[in-house]
Number of protein chains: 4
Amino acid sequence: MKFVGKEARKAEKRERILRSATKIFARKGFYNAKISEIAREAGVADGTIYLYFKNKDEILITIFEESVGAIIRRFRKRLQEIPDPADQVREFSRLHLEIVKTNPDLASVLQLELRQSNRFIKEYAGTSLNDYLNLIGDIIQNGQKANVFREDVHPGIAKRMLFGALDEISTLYVLLKDRSFDFQRSAAQIASIFLYGIAKDEYRNS
Amino acid sequence: MKFVGKEARKAEKRERILRSATKIFARKGFYNAKISEIAREAGVADGTIYLYFKNKDEILITIFEESVGAIIRRFRKRLQEIPDPADQVREFSRLHLEIVKTNPDLASVLQLELRQSNRFIKEYAGTSLNDYLNLIGDIIQNGQKANVFREDVHPGIAKRMLFGALDEISTLYVLLKDRSFDFQRSAAQIASIFLYGIAKDEYRNS
Amino acid sequence: MKFVGKEARKAEKRERILRSATKIFARKGFYNAKISEIAREAGVADGTIYLYFKNKDEILITIFEESVGAIIRRFRKRLQEIPDPADQVREFSRLHLEIVKTNPDLASVLQLELRQSNRFIKEYAGTSLNDYLNLIGDIIQNGQKANVFREDVHPGIAKRMLFGALDEISTLYVLLKDRSFDFQRSAAQIASIFLYGIAKDEYRNS
Amino acid sequence: MKFVGKEARKAEKRERILRSATKIFARKGFYNAKISEIAREAGVADGTIYLYFKNKDEILITIFEESVGAIIRRFRKRLQEIPDPADQVREFSRLHLEIVKTNPDLASVLQLELRQSNRFIKEYAGTSLNDYLNLIGDIIQNGQKANVFREDVHPGIAKRMLFGALDEISTLYVLLKDRSFDFQRSAAQIASIFLYGIAKDEYRNS
DNA sequence: AATGAATGAGCGTTCATTCAT
DNA sequence: AATGAATGAACGCTCATTCAT
């Protein structure tokens, strides 16, 4: 028999609020999402939300920090298991789009809502997003050290390039909500073009 | 001596409102931009804005339609003068980032606000953005017909990939407002990686 | 050939504005009627209206004063031609409803819009409306002097009673806009009941 | 000691808002009454009003429906206790003017505002006002069945006639705010004239 | 005289946040 | 801890009125 303590119940309620907020933010957009609607969706009273979060902004920030944090940890773990930088790029692309497909609401919020306020991006999202970008940056630098990626490729540009490409495809999916969209193929294609683009000539068909 | 008629003065005021709105939207975001602030910035009364635009939404929509429309026309004209698809990609990338650097406020609005509301994107920005994306799509298809670009590259993915890459770099610039940003170099790098990525082996160093 | 002087043209424009205002007030109600709409209907510019009337209120007041004034003059003239007080009551009722039928817009304004502000009724309508009511009051007093109407009838109450009755029927017509409404019959019925009510027993079937 | 539950306190607040609105509407007219003024008068915040009513229109509509509804119930009950149709007319007239004197603000709103907007009258007040008018209509028809009222009297006209007469006297009172107004005498006079007007000859002095 | 573009005060309504229970 | 009724600041928009042309 499972014993659920006070702490666990609190944590569970907090999660429920975050999940509901993500859903509503995705559906309506941050500014059109109403606290009362999030509360209703989460099955709590309006006031209860303020026992867990300072204000509406903080809900969005929390969604960002916690989910991107978790995603980064997951990516790091997965990438460690892959020795080849090119394979890492392929896996990164695959994982990125897989997460978008598996968590469309979260993706929608990260894609669309987070961009809307400079403040969010500058003050909060900055670090986490940078950490995420650096996952790619590190792969590229490793590939350059291993002499498989072109040396004239600037990792700071290239990492944004791959991210931007994946992000753009994700946006397409988020907006169209086309469930038949073939992520595997898209991820493979993006990784292929990107790798062709940054690989040294002699490693092009690896 | 310049003779300014009634029509011209009206058009000039309309432009001033759009410019002010773009600036305020860029600075604060659409939802935090106040009509009264836009009016003050434009040097008109609040009510005057409603002589030119139906409501706040329509100001944003007009900014999209008119500026993206103008940009597309400019791009089309420029690209016609360039015969080589690879050069077209290079020029497209350069132009895109040049516009971002020359019109940071407009870029900011197109980058950030455009994404914010499904409604805007789907109903209004959709077509213009699609037209813009198709500029790239056409280049790619021409390159494929001319046998210089890989046939296994899906233009629908690739066009979004280049756009996403440029967009991401633009976001970086818009957010950092780093005036020393070398967009010529960034454009060249992005174009290089992208072209290496989609070019047939025999044309890699063209 | 008719020669239309400056004065005549001004007067004509003034009339046109009043006619348009009456129509719009009737259709939309005073508060929902827009000056620009009245101007459009009258075929003049918004500002022109202010050359003829101090403000929106004054248009309504003018409609009231001028039209009720004209109506009172017309009634006086007509009633003078009728010797019998009972016949005067019948003619008054007939004329009242005839005017409502002939000028539905004016009737609508007098019925509905003028009531909406105490200020109008107290400050402006007071005198004219009183003059109108006194037309009935005088008939009743004449009838009492001529010994055909009951002496215990209070003219101040009775005059309001007949007016209220006619007014109520007019409201019904104004609201329903039932063009098939039989005014002659209604007027006859109201006059009949009223006369039966105030006539001395010996004159009941006069 | 009175125990006041949550429901009761809410109902009390709702009543307070309606009472305040009635007072302000009576004093200023619907369009000149400000929500903030109603709120201040009721001792609540502006926003609180919207917890109880959808919008300003609905406050007016509610006043109509609830008060006219209550009045009609009160009249029905009272009239049932009176067997003679002529006495019913007398009591109806007395009650009508008594209510006007006891609730001058409500009377003012019903008198003046009710008339102001076709929309209100047609959509909302229509039914209630009709029910009220039919109280008189039923009395008249009963009197005709009982052979005490003239058969050539059209109940549809006659009911409006009595109502119009009472209404007009009420308007006089509402506008003058003459507290010394003898509504008993006025009611008696109106009922007398009306009854003389519709009674069969043989029942004139009943 | 006539115009109609411009003005800006004013108000209904929303909704994040608070706090008494 | 949880509630949800109450708050009130904030803002988009309207429209009577003005005034430069």
Side-chain angles (χ1 to χ4, degrees), chain A residues 6-7 9-10 13-14 30-40 42-59, chain B residues 5-7 9-10 13-14 17 31-40 42-59, chain C residues 6 9-10 13 30-40 42-59, chain D residues 5-7 9-10 13-14 17 31-40 42-59:
Chain A
K6 203 182 259 185
E7 287 305 309
R9 266 186 290 117
K10 277 189 66 175
K13 192 168 282 188
R14 186 173 177 283
F30 179 74
Y31 280 96
N32 294 315
K34 290 160 191 69
I35 287 289
S36 61
E37 207 175 352
I38 295 171
R40 196 183 331 119
V44 298
D46 292 19
T48 305
I49 288 185
Y50 289 85
L51 298 175
Y52 293 86
F53 303 96
K54 203 165 101 271
N55 53 36
K56 194 182 170 188
D57 281 10
E58 234 199 38
I59 302 177
Chain B
K6 200 183 262 184
E7 286 305 308
R9 265 184 291 115
K10 280 189 68 173
K13 192 166 282 187
R14 201 188 109 101
I17 293 169
Y31 281 98
N32 292 315
K34 311 299 164 215
I35 288 290
S36 60
E37 205 175 351
I38 295 171
R40 197 183 329 118
V44 299
D46 290 21
T48 304
I49 289 185
Y50 291 87
L51 296 176
Y52 293 86
F53 303 96
K54 205 160 95 291
N55 52 36
K56 196 182 165 187
D57 280 11
E58 236 201 34
I59 302 177
Chain C
K6 204 182 259 183
R9 266 185 293 117
K10 277 190 65 173
K13 191 168 283 187
F30 179 73
Y31 280 97
N32 293 316
K34 288 157 192 73
I35 287 289
S36 61
E37 207 174 352
I38 295 171
R40 195 182 333 118
V44 299
D46 291 20
T48 305
I49 289 185
Y50 289 85
L51 298 174
Y52 293 86
F53 302 96
K54 204 165 98 271
N55 52 37
K56 194 181 170 188
D57 281 12
E58 233 199 40
I59 302 176
Chain D
K6 199 184 264 186
E7 286 306 308
R9 265 184 292 115
K10 279 189 67 172
K13 192 166 283 187
R14 201 187 110 100
I17 292 169
Y31 281 98
N32 292 315
K34 311 300 163 214
I35 287 290
S36 60
E37 205 175 351
I38 295 171
R40 197 181 331 117
V44 298
D46 291 20
T48 304
I49 290 185
Y50 291 87
L51 295 176
Y52 293 86
F53 302 96
K54 203 161 97 292
N55 52 37
K56 195 182 167 188
D57 281 12
E58 235 201 35
I59 303 177

**Item:** 5' precedence on DNA chain E between B:Lys13 and A:Ser36 (nearest-nucleotide basis)
**Value:** B:Lys13
**Message:** Just verifying a value: how many Å separate D:Lys34 NZ and D:Arg40 CZ, rounded to the nearest 0.5 Å?
**Reply:** 12.0 Å
**Item:** Distance, rounded to the nearest Å, where C:Tyr31 contributes OH and E:dC11 contributes P
**Value:** 12 Å
**Asked** Can you check the B:Lys34 NZ to F:dA10 C1' distance for me, whole Å?
**Response** 8 Å
**Request:** Might you point out which heavy atoms bring D:Ile35 and D:Tyr50 nearest each other, and give the distance in Å?
**Result:** CG1-OH, 3.6 Å
**Closest non-hydrogen atom pair, A:Arg14 against A:Phe53** = CG-CZ, 3.9 Å
**Fill in**
Side-chain contact check for D:Ile35: nearest option of E:dT13, F:dC11, F:dA16 is E:dT13
**Request:** Rounded off to whole Å, could you give me the CG-to-C1' distance for the B:Asp57 and F:dG12 pair?
**Result:** 11 Å
**Complete:** Rounded to whole Å, CZ of C:Arg9 lies from P of E:dA1 at a distance of 11 Å
**Fill in**
Here the distance between atom P of F:dG4 and atom NZ of D:Lys10, to the nearest Å, is 10 Å
**From CD1 (C:Ile59) to NZ (C:Lys54), nearest 0.5 Å** = 11.5 Å
**Asked** Base, sugar-phosphate, or nothing: which does C:Ala33 touch, judged by heavy atoms less than 4.0 Å apart?
**Response** sugar-phosphate
**Asked** Over how many whole Å does the gap from D:Arg14 atom CZ to F:dA6 atom P extend?
**Response** 13 Å
**Message:** If I compare all heavy atoms of B:Ser36 with all of B:Asp46, which pair ends up nearest, and what's the gap?
**Reply:** CB-OD2, 3.3 Å
**Request:** Check DNA chain F against residues 44-55 of chain C and give the residues with a non-hydrogen atom under 4.0 Å, in numerical order.
**Result:** C:Gly47, C:Tyr50, C:Asn55
**Request:** Measure from NZ on B:Lys56 to P on F:dA10 and round the result to the nearest Å.
**Result:** 15 Å
**Prompt:** Rounded to the nearest Å, what distance is computed from the CD atom of residue D:Glu37 to the P atom of nucleotide E:dC11?
**Reply:** 9 Å
**Asked** Considering all heavy atoms of both residues, which atom of A:Ile49 and which atom of A:Val44 are nearest to each other, and what is their separation?
**Response** CG1-CG2, 4.2 Å
**Complete:** Scanning all shown strands, the Watson-Crick or wobble mate of F:dC15 with both distances under 3.5 Å is E:dG8
**Item:** Gap between atom OH of C:Tyr52 and atom NZ of C:Lys13 - 0.5 Å precision
**Value:** 5.0 Å
**Item:** Nucleotide forming a Watson-Crick or wobble pair with E:dA20, both distances under 3.5 Å
**Value:** F:dT3
